[in-house]
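To start, the structure under review is shown below, and the notes come after it.
What you see below is based on every heavy atom in this structure, not just the backbone, and it leaves out hydrogens, waters and symmetry mates. Within every chain, numbering begins at 1; the chains are lettered A, B, ... in the order of the sequence lines, protein sequences first and strands thereafter.
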There are 2 protein chains.
Amino acid sequence: MEVKEQDLENLQVQLSPEEYVQMLLPLKDALDILSGKWKLQIIFSLKFGRKRFKEIQRAIPGISPKMLSKELKELEINELAQRFVYDTKPITVEYELTDYGQSLKPVVTELYKWGAAHRKRIIGRG
Amino acid sequence: MEVKEQDLENLQVQLSPEEYVQMLLPLKDALDILSGKWKLQIIFSLKFGRKRFKEIQRAIPGISPKMLSKELKELEINELAQRFVYDTKPITVEYELTDYGQSLKPVVTELYKWGAAHRKRIIGRG
DNA sequence: CGGCATCCGGCGGGATACTG
DNA sequence: CAGTATCCCGCCGGATGCCG
């Protein structure tokens with residue numbers, strides 16, 4: 001089965017249970033890579049250009065060096081971020097989104113937009 | 001500080017560290033509600049209409065009743081899903097996205113699209 | 001059927017200290 | 001600076017059983 005993207009928003013056809021499961025696979029793949037507290041925040045913070053390790057850490061309150069290191073490594077493995085080492089004293093390390101990582105911008109942007117709308121909604125109740 | 005959405009994609013202005021932190025808040029809010037393995041899968045499975053508890057469970061391989069119940073409750077608290085109980089024998093319970101929950105469709109769609117592209121990329125390597 | 005209560009084991013991830 | 005190593009606690013979440 002193949003579901004065309006333009007049909008996704010308002011799909012009316014009847015699908016079998018197995019077809020539902022099939023349709024979930026791309027979403028699961030994305031979540032396997034991106035879910036968790038930190039990864040999308042890191043990607044967001046790298047959207048605006050190359051950053052040093054400590055800059056990322058400062059940009060994301062609450063993340064420990066251990067977590068940041070682990071998450072960046074996973075982003076590297078999935079070819080979403082790239083690591084650059086400079087032999088200065090002390091050592092300098094920078095991270096940057098790969099072209100492939102840039103392809104996540106629409107995802108992050110949608111999430112950001114929804115979060116912003118949600119904030120307004122919540123604050124509006126005060 | 002206020003960042004206009006249309007500037008988000010390719011922001012060039014220099015931001016202070018504090019401004020970066022501020023910009024992350026909407027994303028954090030969204031992640032607080034949506035992050036984790038299951039929530040977006042549940043929302044995805046409800047995109048196509050009202051479903052019974054067991055239907056959702058069948059649509060999402062690997063989720064236990066306990067998890068599903070807990071996650072649905074959290075979606076309810078955040079007014080993203082609504083619960084309908086019917087006094088049949090045995091009892092029937094259905095879930096449906098609220099109008100507010102529907103506002104997540106673009107998020108889920110972007111994630112789905114990215115996941116689909118990622119699948120192709122991975123499979124293409126063999 | 002759609003849950004909740006209880007038990008329990010594993011590991012995610014914080015805190016702290018250390019290194020090239 | 002950019003991490004690693006170690007310790008260790010908490011809670012996430014699976015398995016099972018029960019209930020309206």
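Between B:S64 and D:dG14 there is a side-chain polar atom (N or O) within less than 4.0 angstrom of OP1 or OP2.
Contacts with DNA chain C (heavy atom under 4.0 Å) in residues 66-84 of chain A: A:K66, A:M67, A:K70, listed by number. Near DNA chain C, defined here as any heavy-atom distance below 4.0 Å, there are no residues from residues 49-63 of chain A.
Applying the salt bridge (Lys or Arg N to Asp or Glu O under 4.0 Å) definition to pairs two or more places apart or across chains, those involving residues 32-42 of chain B are B:K39-B:E71, B:K39-B:E74.
With sequence neighbours excluded, the residues forming a side-chain contact (heavy atoms from CB on, under 4.5 Å) with A:R121 are A:R125, B:E79, B:Y100, listed by chain and number.
Cluster membership check: B:L25 does not share its hydrophobic cluster with A:I56, using side-chain heavy-atom separations under 4.5 Å among Ile, Leu, Val, Met, Phe, Trp and Tyr.
Taking the screw axis at each terminus of the helix from C:dC1-D:dG20 to C:dG20-D:dC1 from five consecutive base pairs, the angle between the two is 50° to within rounding of 10 degrees.
The structure places CG of A:L104 at 8.5 Å from CD1 of A:I33, a figure rounded to the nearest 0.5 Å. Atom-to-atom distance recorded for A:L97:CG and A:Q102:CD is 5.0 Å, nearest 0.5 angstrom. Expressed to the nearest 0.5 Å, how far CZ of B:R83 lies from OG1 of B:T98 amounts to 15.5 Å.
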Any protein N or O atoms within reach of nucleotides 18-20 of chain D? Criterion: under 3.5 Å, listing atom names and distances.
none

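Heavy atoms of A:Y86 sit nowhere under 4.0 angstrom from any nucleic acid atom.
Checked by atom type and distance alone, the side chain of B:T92 never pairs as donor or acceptor with a backbone atom of B:T88 at under 3.5 Å.
B:Y95 and B:F84 have their aromatic ring centers separated by at least 6.0 angstrom.
Minimum interatomic distance between B:S45 and B:A59 (heavy atoms only, all atoms of both residues): CB-CB, 4.4 Å.
A cation-pi arrangement is present between B:K51 and A:Y20, with the terminal nitrogen or guanidinium carbon under 6.0 Å from the aromatic centre and inside a 45° cone about the axis.
None of B:K73, B:K66, B:M67 except one satisfies the side-chain contact (heavy atoms from CB on, under 4.5 Å) rule with B:K70; the exception is B:M67.
A salt bridge links B:K113 with B:E110: at least one charged nitrogen is closer than 4.0 Å to a carboxylate oxygen. Using a 4.0 Å cut-off between charged side-chain N and carboxylate O, B:R50 and B:E94 make a salt bridge.
Between B:K37 atom NZ and D:dG13 atom P there is a gap of 8 Å when expressed in whole angstrom units.
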